[in-house]
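Please read the structure below before turning to the comments.
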Amino acid sequence: MRRLDQLLANLGYCSRREARGWVQAGRVTVRGAVEKDFGAKAAAADVRVDGEPLDHPDGLLLLLHKPTGLVCSHDEREGPSVYGLLPERWRARNPPVTSIGRLDKETSGLLLLTDQSELVHRLTSPRHKVPKIYRATVAADLPPALIPLFASGTLLLPDEKEPCAPADLKILSAREAELTLTEGRYHQVRRMLGHQGCTVLALHRPQLGHLTLEDLPAGQWRELPLDTFGVIPAGP
Ligand code: URA
């Protein structure tokens, strides 16, 4: 049960002050009856605004096909971001919608977005070893010796204390490879391949865990059930 003004503000409808005005103006009903007390508590499922059920009151989990050219940051100084693709109401939610891990500005592919912080922690924790598959196009022919090197778990990148966890490299053609990682270090694919003389020219992530983009066009998302990863979050 949540206060009506808090519920509307947290779901991104408007500010808390505006929500009070909306409630006092009779725009909000609880179980079919107009409720003019903005401090009244209600279950989100019982609330309507202008006759409509609330927008995803239990939380959001989105699978986005990130296009290149957008950053995964809420800091506007870093330039256009993936959050700009979302409806304004979702961008105004609190807790905020954030990405589960990040893709570089020039990397495209599968990116999960959620307002469920528990899910962010679970899926980004190295302990859970969620496999992430990347397709890279590189600037030099790929030496087959990279396959056992990456698989060995001994590759130490500059300025790192721990070697990279074993990673599965498939060479698809002279300059194209698929790399499966279970960790998510900063610019990891670009650094692993670049360190071996294969500068990455293009990078795409088609798969994360059991999820794939299928035919989702770049810039679009599809909603996933909140229990996709086996947890049913408590909701806001
Ligand atoms: N590795 C990279 O280098 N970039 C990404 O965006 C993801 C993994």
Side-chain angles (χ1 to χ4, degrees), residues 62-75 77-86 97-114 119-143 146-147 149-173 175-213 216-221 229:
L62 308 172
L63 185 159
L64 171 73
H65 185 164
K66 177 193 175 295
T68 57
L70 299 180
V71 295
C72 297
S73 168
H74 285 101
D75 184 345
R77 291 169 302 183
E78 293 187 31
S81 91
V82 292
Y83 302 109
L85 296 169
L86 302 181
V97 176
T98 61
S99 65
I100 302 182
R102 289 184 174 208
L103 292 176
D104 303 335
K105 185 173 180 184
E106 292 314 326
T107 301
S108 59
L110 194 159
L111 184 71
L112 294 176
L113 301 172
T114 189
L119 208 48
V120 177
H121 292 134
R122 270 191 43 153
L123 295 179
T124 52
S125 156
R127 279 188 302 128
H128 286 100
K129 297 196 186 344
V130 179
K132 294 170 270 276
I133 301 186
Y134 296 90
R135 287 269 169 95
T137 307
V138 296
D141 289 359
L142 289 149
L146 293 193
I147 298 172
L149 175 65
F150 287 0
S152 69
T154 61
L155 178 70
L156 190 61
L157 294 173
D159 302 326
E160 297 260 355
K161 290 198 176 66
E162 294 289 326
C164 295
D168 181 43
L169 181 73
K170 287 191 180 70
I171 297 181
L172 306 175
S173 68
R175 297 188 177 193
E176 270 184 323
E178 190 179 273
L179 184 59
T180 305
L181 302 183
T182 55
E183 45 181 9
R185 302 186 194 195
Y186 179 69
H187 287 186
Q188 188 167 351
V189 175
R190 294 177 196 275
R191 287 164 69 219
M192 286 174 74
L193 287 163
H195 187 252
Q196 298 302 313
C198 294
T199 303
V200 172
L201 300 176
L203 189 58
H204 177 75
R205 180 163 75 185
Q207 189 169 347
L208 185 149
H210 63 286
L211 300 170
T212 58
L213 286 170
L216 189 66
Q220 309 232 334
W221 67 81
F229 296 95

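Note: hydrogens, waters and symmetry copies are ignored here, and every other heavy atom, side chains too, is used. Start at 1 and go down the list; that is how both ligands and their atoms are numbered. For clarity, every value in this text was computed on a predicted model and none was experimentally measured. Sequential numbering from 1 along the given sequence is applied to the chain's residues.
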Next item on the list: Please tell me if the side chains of Y83 and T98 come closer than 4.5 Å, counting only heavy atoms from C-beta onward.
Entry: yes
Item checked: Enumerated ligand 1 atoms positioned under 4.0 Å from heavy atoms of D104 -> 2 (C), 3 (O), 4 (N), 5 (C), 6 (O)
Note to self: Quick check: R190 and ligand 1, any N/O pair under 3.5 Å apart?
What the structure shows: yes
Checklist line | ligand 1-proximal atoms of L203, by part, heavy-atom distance under 4.0 Å | finding: side chain
Check: Looking at Y134, which atoms of ligand 1 are within less than 4.0 Å of one of its heavy atoms?
Finding: 7 (C), 8 (C)
Margin query: Please list the nearest protein heavy atom to atom 1 (N) of ligand 1 with its residue and the distance rounded to 0.1 Å.
Written below: V189 N, 3.0 Å
Margin query: Treating R135 as the side-chain partner and H204 as the backbone partner, does any N or O pair qualify as donor plus acceptor under 3.5 Å?
Written below: no
Next item on the list: For ligand 1, indicate whether the residue L103 contacts it via side chain, backbone, both or neither (heavy-atom separation under 4.0 Å).
Entry: both
Checklist line | Which of the ligand 1 atoms, numbered from 1, are nearer than 4.0 Å to a heavy atom of T107 | finding: 4 (N), 5 (C), 6 (O)
Notebook entry, point to check: Backbone N or O of Y134 within a donor-acceptor pair of the R205 side chain at under 3.5 Å?
Noted result: no
Check: Would one find more than 12 heavy atoms of other residues, nucleotides or ligands at under 6.0 Å from atom CD of E106?
Finding: yes
Notebook entry, point to check: salt bridge (charged side-chain N to carboxylate O under 4.0 Å, His left out) between R102 and D104: does it pass, once the steps are laid out?
Noted result: CA-CA 7 Å; R102 289 184 174 208; D104 303 335; over 6 Å; no
Next item on the list: Report yes if the distance between the aromatic ring centroids of H128 and H121 is under 6.0 Å, otherwise no.
Entry: no
Note to self: With nothing but distance in play, are any N or O atoms of R191 less than 3.5 Å from an N or O of ligand 1?
What the structure shows: no
